[in-house]
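Worksheet: the structure to be examined is printed underneath.
Sequential numbering from 1 along the given sequence is applied to the chain's residues.
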Amino acid sequence: MKLLVIGGSYFYGRVFVMEAAKEHEITVWNRGTYSMESFGVRQLTGDRHERIAGCEEDYEAVIDFCAYAPGDVRDTLNLLTGNIGQYVFISTVDVYERDPAVVKGEDTPLEERVIAGEAGAYIAGKVALEKELAESCGAKGIPYTVLRPAILYGPFNYAPRESVYIQMLLQNHALPRFTDAQGRFQFAYVKDAAQAILASLGNARAYGQAYNVCGEEIITYGSFFETLRKAAQPEDLEGLVEVPLTVEHAASQGVPMPFPVMEEETHLCDNAKGKAELGIVYAEFEEGMRRTYRAFRNVYLT
C-alpha cells in the first residue's frame, strides 16, 4: 500500500514506520527534525498546514500521529488533493470521561468537561479532533479509523517514563518504593500498537470505528517495579537499594511519577473490540519490559 505518515519521527510513529516499511511504500510528512530516509522511506519536509509537493498524490491510507489542536485534521485534508483511501487518526484513551470506577469501552462518552493544565488541553484537543475527523472525512467520503492507545512503552521511547526508572536502576543502583501510591494503569507495547495500525489498514471492518489499544494487565507502581527487577540482568541488581517514599515526599524531592499515582487518576479500558475485530495481540508486560530493558541498558551503560 502507498501510505502517507504525518509525523512519524518520534516514538510511536518511528516504530510504526520501521515496521510498515517492510511491506508498504511510505512517505513521511513532518518538519524534518529527524530524518527517516535511512528506513527506506520518502520524507517530505514542511508544516502540516502548508501545501508542499506530494500533497497532490493519491494515498491508500494516511496515518496521522501529530494532530493535537482543532483544525489539524481539517486543514490537512484540505491540502491533500489526491484520492485518500483511509484516514487513521492516533488519539488516546484519555478522551473518555474521567471516572476511575468505570472500565472504558469504545462507546463510553468522551470527556466534555474542561480540565485545567497542559494535560487538560491535550485531552480537549484530541476530543475535538475525533469529532473533526468524523465531520471532515464524512464530507469528503473518506473512511476513517481512530486508535486510542493507553500508556505506550518500549524501545525508542523519548518520553521520561519507564526509561527514567531503568536509568535509576543502572546508574544510581536505586529504585523508589511509593508507599501510598494507589493508582492503577495499563500499558501497550509499542510494536503491538504499530501492528494495530497495520491491522486496520484497508480493513473495511475498521471504517468509522474507534479501538482501544491497551494490554489486559492492570499495573500498579508496586507491580511495575517488581516487573522491572525481573527484566534486569542479575548483575544489575547487585547492591540495588529500595527507597521507600510517600507520594508527597517523592514530589517534594523531584522523584518522577509518570503514571497515575492516586486511585482517582485510575483510567482503565477494555481491549476486547480491537482483539476481536483487528486481531490485535499484546505481549505480556514482563516480556515487553525485558525487551525494553535490554534496549535502554545499551544506552545507559555505554
Side-chain angles (χ1 to χ4, degrees), residues 1-14 16-17 20-21 24-37 41-92 94-95 106 110-112 114 118 120-149 193-194 196-198 200-211 213:
M1 296 179 70
K2 184 177 179 180
L3 309 179
L4 176 64
V5 176
I6 303 176
S9 63
Y10 286 93
F11 178 40
Y12 187 10
R14 187 181 188 87
F16 171 75
V17 169
H24 297 289
E25 179 185 346
I26 309 281
T27 296
V28 175
W29 179 11
N30 58 34
R31 294 181 179 177
T33 304
Y34 299 101
S35 174
M36 300 295 291
E37 293 179 344
V41 305
R42 180 178 66 155
Q43 183 152 353
L44 305 178
T45 302
D47 188 278
R48 64 178 296 150
H49 296 280
E50 299 175 359
R51 186 178 302 280
I52 58 176
C55 287
E56 74 287 349
E57 298 179 21
D58 297 340
Y59 295 99
E60 291 170 85
V62 174
I63 302 93
D64 192 343
F65 286 95
C66 66
Y68 300 110
D72 282 352
V73 170
R74 181 191 62 246
D75 292 352
T76 297
L77 279 170
N78 287 336
L79 291 174
L80 297 174
T81 56
N83 293 320
I84 306 300
Q86 182 185 9
Y87 200 109
V88 179
F89 174 63
I90 307 303
S91 186
T92 170
D94 288 328
V95 294
E106 287 82 354
L110 302 188
E111 183 60 80
E112 300 291 348
V114 176
E118 188 174 318
Y122 171 76
I123 293 168
K126 289 293 188 180
V127 170
L129 284 165
E130 286 202 20
K131 297 176 182 177
E132 181 175 295
L133 176 76
E135 294 170 358
S136 297
C137 285
K140 294 177 178 290
I142 299 173
Y144 66 88
T145 303
V146 177
L147 296 180
R148 297 169 178 158
I197 300 174
L198 289 170
S200 72
L201 296 179
N203 185 344
R205 197 173 186 182
Y207 294 169
Q209 299 296 316
Y211 297 95
V213 179

message: Using side-chain contact (heavy atoms from CB on, under 4.5 Å), reason through Leu201 and Met1 one step at a time and then give a plain yes or no.
response: CA-CA 9 Å; Leu201 296 179; Met1 296 179 70; 3.9 Å; yes

For this session: Under the side-chain contact (heavy atoms from CB on, under 4.5 Å) rule, what do Asn78 and His49 come out as? Steps first, then yes or no, please.
Result: CA-CA 9 Å; Asn78 287 336; His49 296 280; over 6 Å; no

Q) Going through the checks in order, is the side chain to side chain donor-acceptor pair (under 3.5 Å) test met by Arg48 and Thr76? A) CA-CA 6 Å; Arg48 64 178 296 150; Thr76 297; 3.0 Å; yes

I would like to know whether Val88 and Val62 meet side-chain contact (heavy atoms from CB on, under 4.5 Å); could you show each step before the answer? CA-CA 6 Å; Val88 179; Val62 174; over 6 Å; no

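Tyr12 and Pro149 make their closest contact through CE2-CG, 3.8 Å (heavy atoms, listed as atom of the first residue, atom of the second, distance). Considering every non-hydrogen atom in both Gly8 and Val17, the closest pair reads O-CG2, 3.9 Å. Smallest separation of non-hydrogen atoms from Cys55 and Trp29: SG-CH2, 3.8 Å. Residues Cys137 and Tyr87 come closest through the heavy atom pair SG-CB, 3.9 Å. Minimum interatomic distance between Val213 and Ala196 (heavy atoms only, all atoms of both residues): CG2-CB, 4.3 Å. Residues Ser91 and Val146 come closest through the heavy atom pair CB-CG1, 3.8 Å.
Of the candidates Leu129, Asp72, Thr145, Leu129 is the only one forming a side chain to side chain contact (heavy atoms under 4.5 Å, CB included) with Phe89.
Classification of Glu50 and Arg31 as a salt-bridged pair fails, no side-chain N sitting under 4.0 Å from a carboxylate O. Taking 4.0 Å as the cut-off between side-chain N and carboxylate O, Glu106 and Arg148 do not count as a salt-bridged pair.
Without hydrogens or angle criteria, Glu132 side chain to Glu130 main chain gives no donor-acceptor distance under 3.5 Å. Distance alone, capped at 3.5 Å, places no donor-acceptor pair between the Asp94 side chain and the Ile123 backbone. A donor-acceptor contact shorter than 3.5 Å links the side chain of Lys126 to the backbone of Ile90. The closest donor-acceptor contact from the side chain of Gln86 to the backbone of Tyr144 lies at 3.5 Å or more, if one exists at all. Glu60 places no side-chain N or O within donor-acceptor distance of the main-chain N or O of Gly85, the cut-off being under 3.5 Å. Judged by distance alone, the side chain of Ser200 and the main-chain N or O of Ile197 form a donor-acceptor pair under 3.5 Å.
Ring orientation note: the planes of Phe65 and Phe16 are tilted relative to one another, at an angle of 30° to 60°.
Within 6.0 Å of CD on Glu118 lie no more than 12 heavy atoms contributed by other residues, nucleotides or ligands.
The salt bridge (Lys or Arg N to Asp or Glu O under 4.0 Å) search around Glu57 returns Lys2, Arg42, not counting sequence neighbours.
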